[in-house]
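Residue numbering restarts at 1 for every chain, and letters A, B, ... go by the order of the sequence lines. Computed from a predicted structure; not experimentally measured.
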There are 4 protein chains.
Amino acid sequence: MARPRSDEKRSAILAAAVRAIDRHGPGAPTALIAKEAGVANGSLFTYFQTKSALFNALYLELKRDMAAAALAGLPAVADLPEQLRHVWSNWMEWAVRAPQKRQALARLGVCDEVTVTTRAQAQRIMEELAYRMKPPPARGSMREAPLAFVAAVMNSVAETTMDFMLTDPAHGEHYCQAGFEAVWRMLS
Amino acid sequence: MARPRSDEKRSAILAAAVRAIDRHGPGAPTALIAKEAGVANGSLFTYFQTKSALFNALYLELKRDMAAAALAGLPAVADLPEQLRHVWSNWMEWAVRAPQKRQALARLGVCDEVTVTTRAQAQRIMEELAYRMKPPPARGSMREAPLAFVAAVMNSVAETTMDFMLTDPAHGEHYCQAGFEAVWRMLS
Amino acid sequence: MARPRSDEKRSAILAAAVRAIDRHGPGAPTALIAKEAGVANGSLFTYFQTKSALFNALYLELKRDMAAAALAGLPAVADLPEQLRHVWSNWMEWAVRAPQKRQALARLGVCDEVTVTTRAQAQRIMEELAYRMKPPPARGSMREAPLAFVAAVMNSVAETTMDFMLTDPAHGEHYCQAGFEAVWRMLS
Amino acid sequence: MARPRSDEKRSAILAAAVRAIDRHGPGAPTALIAKEAGVANGSLFTYFQTKSALFNALYLELKRDMAAAALAGLPAVADLPEQLRHVWSNWMEWAVRAPQKRQALARLGVCDEVTVTTRAQAQRIMEELAYRMKPPPARGSMREAPLAFVAAVMNSVAETTMDFMLTDPAHGEHYCQAGFEAVWRMLS
DNA sequence: CATGAATGAGCGTTCATTCAT
DNA sequence: GATGAATGAACGCTCATTCAT
């Protein structure tokens, strides 16, 4: 099957899915997503074979988006802690800037429709983040933990931090700081 | 008085719900839950006014169960690190012993049917855990973070650790150890 | 089967049914009726074998109540028009005084659960009213109409009049008058 | 454009609803209506958002149908009584010709799902009938009654007459006559 | 390819009636 | 007899997916 006509429509569907999942969770009807995207009900299935396929694609897209944001503008020359802080800030800022994406991603993360395969791909994306943030292991037993575990822990702390930043924006900076410190200690 | 409402049936429904949510997520049909519990479809609604009510009750029950397991047999006299390690071990063991409960709890935690009120109650339960584990803050900026945030971060690391322990049981002990160390460093 | 214990309970159920049907129509749950009557769910079925049986009994009771009210205090010696006006006034006053009964009766009148047998019995009750109101037929073709038809027409005009009196109480007297006049002309 | 919404199907649903309501009252299951209309269960909801919406639309449609039938072929030049008799005959004939519609309309008329708004629209339709039948008020107190009341009374007598015509068709003509006379006297 | 009507299995919940206590 | 929990068929409505246009 040739690639469907319009990349624009594909993107519109993905963007609409973000908003729909943010508001209604993974139970958001495909009809609603299509409507928000400005395409017909059935057209959604031209671009994604099933609702699951859409969700899997979206999950990866959001992970990539998040990772790219976190790594954006990374100063090549800077001492390690500064780099780490930069990545962390970027990451948290992404969540604050695009709360719908953040929420959609969180909801997709726990939804059965996202397959193990997809999750594995996503993990690989995240491991790069972890890799960049991980200092040379000096001591402690976390150093022997597989990268996947480190990445997952880091990610879960990040998620929690984002939650608090979004729920209580007045102290956003404070949570951001505390979250970073937690991760930093964990890793060092 | 007529046949009294049976605690046994109530428990059977809750237990059935655990299994059903473990397998099918919060979308698990009430009919399935009832069937697994060995009661009629409509009887479920004698014990819980709505599916939501059932889920909220179950969420609290599972949190309480988990907290109780974590705090079980806490040695009164022991130095702090030992106590912490004990709690952490209990906690992880609970997840390994009752993976369905663990999974159901995780799924309920991200489901819209669980209300803010219920979450607030649950948080209070978990804060006790955090309180017991929290060492006297000596330095660092985590010390100024509200207890809720500390509890949430700790919980998220625990969840991640459980995931790895359940997915890769062969290295369960290793993850348990690494997770503990992460939390320990974070807090100290 | 002996008559059930308490006539009081039977009456309480009937009275509760009036209120429930007034508010919810014939779809009112038996459980609600029982609750309003202050008896247990199942007890209702000790006094009335089925919901239908309850409704049929209530229908007759209300018709009787209405007819009795209409004929109450009928002056033995008075010219015909005066008697008729008296009956009509009584009738309308009943509706105004007991709007729930009136509404319940109206709702039961169009409900399938009330059987033809019951309706026939009710008609006999109403025919007495018609008989008392019917002047000696002098002319016109209504004179040849069967009493049942006359009674039914009279009843339908009365129902309509009641509706307007209850909906627009400010002009109640006016509608009462106009309704009476309509019936009077019809019959004379 | 995709398959357009079919007026044929819409009509089939309305017609099926007439039959279903005639037989089972407003409690008729939507599934039954859909089946009788030869469409899928869910298709009914493509044409009418809810069961209530269907009932409201049907109520208006039937009222319009009835009014149109009553006014059909009204001789332009004829003395007043003759015109009135013509309308009345048409009206009664409609009931005899389409007893299911008549019955469905009667049942819908007392059903809570038909809203006040719909009833108001229906009243406007019926007032035209009343207007055409109302002779120039010469005397009596009905002349001061609002048109709505006159229309309602006329309608209720018509309904009663229809009932007798349908229940006892052998004397249909007789009831038709007597009903007309009743209305005529009432109004004149 | 785009459209949106058509499909029908599936869901949460209700309720008349029964029956264990 | 009184109670109210138990039952399970039934209902209105949704929604992923298909397919006629």
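B/T115 and B/T118 form a side-chain donor-acceptor contact under 3.5 Å, judged by distance and modelled atom types alone.
For D/R5, the listed nucleotide lying nearest its side chain is E/dA5; candidates were F/dA6, E/dT13, E/dA5. If you check E/dA5, E/dT13, F/dA2 against the side chain of B/F45, the one that comes closest is E/dT13. For D/V39, counting side-chain heavy atoms from C-beta on, the closest listed nucleotide (E/dT7, F/dT18, E/dT3) is E/dT7. Closest to the side chain of B/P29, from the set F/dT3, E/dC15, E/dC11, is E/dC11.
What separates CZ of B/F55 from C1' of E/dC11 is a distance of 12 Å, to the nearest Å. Distance NE2 (C/H24) to P (E/dT14): 14 Å, rounded to an integer number of Å. The distance between atom CD of D/Q49 and atom C1' of F/dC13, rounded to the nearest whole Å, is 12 Å. Following rounding to the nearest Å, C/E113 (CD) and E/dA16 (P) show an atom-to-atom distance of 9 Å.
Contact annotation: D/K51 side-chain N/O to F/dC13 OP1/OP2 distance is not under 4.0 Å. Regarding contacts with the backbone of F/dG12, a side-chain N or O of D/T30 is found under 4.0 angstrom from either OP1 or OP2. Side-chain N/O atoms of C/S43 include one lying less than 4.0 angstrom from OP1 or OP2 on F/dT3. For A/Y47 and E/dC1, the shortest distance from a side-chain N or O to OP1 or OP2 is not below 4.0 Å.
Inter-residue side-chain proximity for C/L54 and C/F45 is flagged as unmet; no heavy-atom pair is nearer than 4.5 Å. Taking 4.5 Å as the limit, some side-chain heavy atom of A/M66 sits within range of a side-chain heavy atom of A/M126.
A salt bridge does not link A/R10 with A/E61: none of the charged nitrogens is closer than 4.0 Å to a carboxylate oxygen.
Across the interface with DNA chain E, nearest-nucleotide mapping of B/S52 and C/N41 shows B/S52 to be the residue nearer the 5′ end. Positionally, the nearest nucleotide of DNA chain F for B/T46 lies more toward the 5' end than for the other of A/G27 and B/T46. Ranked by how close their nearest DNA chain E nucleotide is to the 5' end, D/A40 and B/G42 are led by D/A40.
Minimum heavy-atom separation, B/Q103 to B/D22: CG-OD1, 2.9 Å.
Nucleotide E/dG10 has F/dC13 as its partner under the Watson-Crick or G-U criteria, with both atom distances under 3.5 Å.
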